[in-house]
Amino acid sequence: MAKILSGKELARTMREEMKIELKELKKKHNVVPGLAVILIGDDPASISYIKEKEKACNNIGIFSREYRFPGHYQEAELLDLIKDLNQSPQIHGILVQLPLPEHINEEKVLYAINPEKDVDGFHPVNIGRMMIGAPCFLPCTPAGIQQLLLRNDIEISGKHVVIVGRSNIVGKPLAMMLLQKKPGANATVTVCHTRTKNMAEITRQADILIVAAGRPHTINAEMVSEGVVVIDVGMNRVEDKTKKKGYRLVGDVEFEAVSQKASAISPVPGGVGPMTITMLLHNTIQAAKTSAGIKN
Ligand code: GUN
């Protein structure tokens, strides 16, 4: 039976460590990190994500401010708000929840955030820095996956990592991170996507298989080899009348069958999800420390 890579447990441990660090920051330097979270529209998944983020901030002692606007909120107003937040001394991190409504240009909005406050790691400056291995904010989901592997003593160096999915938020940045000539990386990376031919042939070659396709049943037991480590990034809502909310969360991987062959596997929920938020907290603390001139 596969080892369960519990992001929930690791997130709890890391957040306890951060609580201690935050107390020290306050006591020694009078610094309280602050995060602004902006949501436009009323997408239920996005609302639930930002609530989780706010709860996590409050739990560990990060100041958080939520900005919620209706779907018809204008791009110019959003850009003005970001300009103000870029100047605000209480705010060290700015997060604009994606996806944005169609009438707002995502690229323009992400460019407007000061890269020093870009705790999502989505600004092209941070993406560029990551690409060349320079110090930067790492995007939260890929960073959370890397931590989940490292803190479970799973060797990445020299391993064949196969990533399924090429999004700007997960697949592409993760490939670049694991490719770096650095501790916790040095992998041989293959990225599969919707146009990949014979995907099962490639996924079967994986030592570590990371699935961020956004579609249930993307990976079944025939598509993996014995002993593979599987990270399931999927967060799909499927209708379930037996649940109070009317749905349940499932990943992209057929968990029951694949866990019979895998040596380790992350569950959904309780796998990557809590790690993403944990890395957001980490980045916000880093942003506050950098702005106060505090070294790590
Ligand atoms: N939408 C889905 N995942 C994310 C994320 O990590 N950050 C932001 N800002 N939006 C998202």
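Everything numeric here is computed off the predicted structure, so don't read it as measured data. Every heavy atom of this structure was used, including side-chain atoms; hydrogens, water molecules and symmetry mates were not. Ligands are counted one by one from 1 in listed order, and the atoms in each one are counted from 1 as well.
Distance from atom 3 (N) of ligand 1 to its nearest protein heavy atom, with residue and atom name: Ile169 CD1, 4.2 Å. Looking only at protein heavy atoms, the nearest one to atom 1 (N) of ligand 1 is Leu98 O, 2.9 Å. Protein heavy atom in closest approach to atom 6 (O) of ligand 1: Asp120 OD1, 3.8 Å.
Counting non-hydrogen atoms of neighbouring residues, nucleotides and ligands closer than 6.0 angstrom, the CG atom of Asp84 exceeds 12 such neighbours. Crowding of Phe69 atom CZ: a count of heavy atoms from other residues, nucleotides or ligands under 6.0 Å exceeding 12. Residue His217 places its NE2 atom among 12 or fewer non-hydrogen atoms of other residues, nucleotides or ligands, all under 6.0 Å distant.
Atoms of ligand 1 lying under 4.0 Å from any heavy atom of Leu95, numbered from 1 in the order shown and given with element: 9 (N). Within ligand 1, the atoms closer than 4.0 Å to a non-hydrogen atom of Val96 are 8 (C), 9 (N), numbered from 1 in the order shown.
Checking only distances, Gln97 does come within under 3.5 Å of ligand 1, N or O to N or O.
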Practice task
Please lay out, stage by stage, how Thr190 and His160 fare under the test side-chain hydrogen bond (donor to acceptor under 3.5 Å, both in side chains).
Solution key: CA-CA 8 Å; Thr190 303; His160 185 194; 2.7 Å; yes
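Annotation: side chain of Ile40 is in contact with side chain of Leu78 (closest heavy-atom distance under 4.5 Å).
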